[in-house]
Amino acid sequence: MDKLIIEGGNRLIGTTHASGAKNAVLPLMAATLLAPGEHTLTNVPDLKDIETFKKLLKFMGCKVRTNKKKKTVVIDSTNVKKFEAPYELVKTMRASILVLGPLVARFKKARVSLPGGCAIGARPINLHLMGLKLMGAEIKIEHGYIDITAEKLHGAQIHFDQPTVTGTENLMLAAVYAVGTTTLENAAMEPEIVELAKALEKMGAKVTGAGTDTIKITGNGELKTFKHKVISDRIEAGTLMIASAITRGNVLIEDCPTEHLAPLIAKLREAGTIIKEEEGGTRVIGDWPVLSTDIKTHPHPGFPTDMQAQMMTMMCVANGLSVITENIFENRYMHVAELKRMGAKIKIDGRNAIVKGVGRLSGAQLMATDLRASASLVLAGLVADGRTEISRIYHLDRGYERLEEKLKALGANIKRVKTSEKF
Ligand code: EPZ
């Protein structure tokens, strides 16, 4: 198992960029199941979750070719023979649930392991199944698996109790083969949804309203293959912005998806960070003292829950009191205990975390618990006094493409080491 070792105190200076967006690639990979032939994805990041999804597609019978240098993945789903997502794969990556919609749409059946809970919350999929039932699917759940069949899906009017990103994506992927029009109301509005809609339109489907809370999808007969460039990862870009802001850095983030980061940029400016557009990118200049501000996470276009942990780290060294409210997941404060081991002053009260800024954090031995918590610990290590060691960084590798190399190139004193158990 690898760990990261960070000596805190260096300012980040230089130019960097975000890789392709993990949460855009996964639904696009699922979309390749909808039509035979070779589909091409470019600007694909080298991430663990994407490797897991490739394993799943290969298990089903897809041919997958990767050119890591060119960041290109070609997927051919002509010979899909297995319509199943086994527990062994789903348990490591819950986004495997995204194969449910396309499998039942094109092959009339699917058997997908129920994703269990996860560190950040129960994360049920009742809304995915509610929508598929309304479209005419028969669903049975036993022995921890979802068995779904549908002779032919039909259009439906579906209202989500609350916006769900992969729920919206799953039903978009199912609706393209349904007879008639499907309307998704109270749909998720994340940029990754818009990207999936663009790909489905390239395949020949009719999709309107993506990016708003009402999406209409009309089945349009056989679909064809598509080629799509993956958008920049707004969460990685946001993490890099905070890395500059928190270290009094001066970093240019090339091709920064600022249009997808409005709430974060607003909050960083409130905290005293200078953010300005330049030729070829967005410059982020950290100023001290960091000013405290309050954060409430909401579905897009609200403040993203995937940036909550990283922003909390910044508030730990701010000059006052910040109240952070996590409205999306019920257990997304796993990073708090680790930050407190570094001297952070944080009190949890239900969905609220009250953060009292301290002058300095102190380096410590830490354990990563989930993807974005890992990123928040790396950020804390960058500004802490002394040495920070972060174990279980396989969590980090699920969603960040060699983050330590990007930070080192900006002047951070950070390295990845292989570990052997001491005791
Ligand atoms: C997606 O997860 C992202 N993952 C998550 O990113 C992100 O945190 C989340 O959206 C919220 O933005 C991918 O896109 C692969 P949801 P998803 O369904 O789709 C409840 C990361 O760090 N809900 O939008 O699983 C659910 O419990 C990951 O990259 C139901 O109750 O999230 C949660 O409280 C972490 N029933 C809320 O909705 C359902 O059927 C939002 O969940 C579905 C969801």
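Ligands are counted one by one from 1 in listed order, and the atoms in each one are counted from 1 as well. Remember, it's a predicted structure, so these values are computed and weren't measured experimentally. Position 1 is the first residue of the sequence; numbering continues from there.
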Counting heavy atoms only, which of [options] is nearest [atom]?
| atom | options | result |
| --- | --- | --- |
| atom 37 (C) of ligand 1 | Met307, Arg372, Gln162 | Gln162 |
| atom 28 (C) of ligand 1 | Asp233, Asn327, Asp306 | Asp306 |
| atom 15 (C) of ligand 1 | Val25, Val165, Asn23, Leu129 | Asn23 |
| atom 23 (N) of ligand 1 | Pro124, Cys118, Pro299, Ala119 | Pro124 |

Lys22 contact mode with ligand 1 (heavy-atom cut-off under 4.0 Å):
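Side chain only; the backbone of Lys22 stays clear of ligand 1.
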
Using a 4.0 Å heavy-atom threshold (strictly under), name the region of Thr305 that reaches ligand 1: side chain, backbone, both or neither.
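The answer is the side chain.
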
Top protein contact for atom 40 (O) of ligand 1, by heavy-atom distance
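Looking at atom 40 (O) of ligand 1, the protein heavy atom closest to it is Leu127 N, 2.7 Å.
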
Which atom pairs, one a donor and one an acceptor, fall under 3.5 Å between side chains of residues 121-130 and the rest of the protein, sequence neighbours left out?
from   : atom 1 : to     : atom 2 : distance (Å)
His128 : ND1    : Asn170 : ND2    : 3.1
His128 : NE2    : Gly167 : N      : 3.4

Minimum-distance pair of heavy atoms, taken over all atoms of Ala178 and His154:
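For Ala178 versus His154, the nearest heavy atoms are CB-C, 3.7 Å.
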
Heavy-atom pair with the smallest gap, counting every atom of Leu132 and Ala174
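For Leu132 versus Ala174, the nearest heavy atoms are CD2-CB, 3.7 Å.
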
Can you find a side-chain donor-acceptor pair between Ser391 and Gln365 that sits under 3.5 Å?
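No donor-acceptor contact under 3.5 Å links the two side chains.
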
How would you list, by chain and number, every residue that makes a ring-ring contact (aromatic ring centres under 6.0 Å, His included) with Phe160, sequence neighbours excluded?
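Per chain and number, Phe160 pairs via ring-ring contact (aromatic ring centres under 6.0 Å, His included) with no residue.
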
Examine Lys48 relative to Tyr394 and say whether NZ or CZ is less than 6.0 Å from the centre of the six-membered ring and inside a 45° cone about the ring axis.
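No, a cation-pi geometry is absent between Lys48 and Tyr394.
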
